[in-house]
Amino acid sequence: MISIEERQFGAVSTLIVTPSGQEQTLLPTVFVYHGWTHRKESELMLANFLAKAGFRVVLPDAKYHGKRHGSQMFSELMFEFW
């Protein structure tokens with residue numbers, strides 16, 4: 001089993017996925033960033049696999065994604081990306 005905790009680091013909403021019962025244990029840690037136009041939840045399958053293998057997985061929302069998305073239109077965000 002795994003544990004999923006949502007935490008806020010400043011303005012960044014983050015999911016932290018760990019093996020159940022090891023939330024306070026020192027573990028090797030992997031940061032997983034989601035792809036363009038996605039959100040952190042889209043990488044939960046990979047995070048699940050890594051947590052079951054004994055890793056802590058940190059999934060932050062990228063700038064302008066998920067809970068960090070403002071009122072920008074997609075066409076405006078394209079200029080930020082490039």
- Query: For the hydrophobic clusters of this structure (ILVMFWY residues joined by side-chain heavy atoms under 4.5 Å, transitively), does one cluster hold both Ile16 and Leu50?
  - Reply: no

- Message: So which atom in Glu6 and which in Ser13 form the shortest heavy-atom distance, rounded to 0.1 Å?
- Response: OE2-OG, 2.8 Å

- Message: Are Leu27 and Ile2 connected into the same hydrophobic cluster when the rule is that any two of I, L, V, M, F, W, Y join if their side-chain heavy atoms are below 4.5 Å apart?
- Response: no

- Does some side-chain heavy atom of Leu44 sit less than 4.5 Å from a side-chain heavy atom of Ile4? yes

- Message: For the CZ atom of Arg56 and the OG1 atom of Thr29, what is their distance to the nearest 0.5 Å?
- Response: 5.0 Å

- Got a donor-acceptor contact below 3.5 angstrom from the Gln22 side chain to the Ser20 backbone? no

- Within a reach of under 6.0 Å around CZ of Phe31, are more than 12 heavy atoms found that belong to other residues, nucleotides or ligands? no

- Query: At their closest point, which heavy atom of Pro19 faces which heavy atom of Gly54, and how far apart are they?
  - Reply: CG-CA, 4.0 Å

- Item | More than 12 heavy atoms of other groups within 6.0 Å of Glu5 CD | yes

- Query: Considering the options Val32, Asn48, Val58, Leu59, which one meets the side chain to side chain contact (heavy atoms under 4.5 Å, CB included) requirement together with Val17?
  - Reply: Leu59

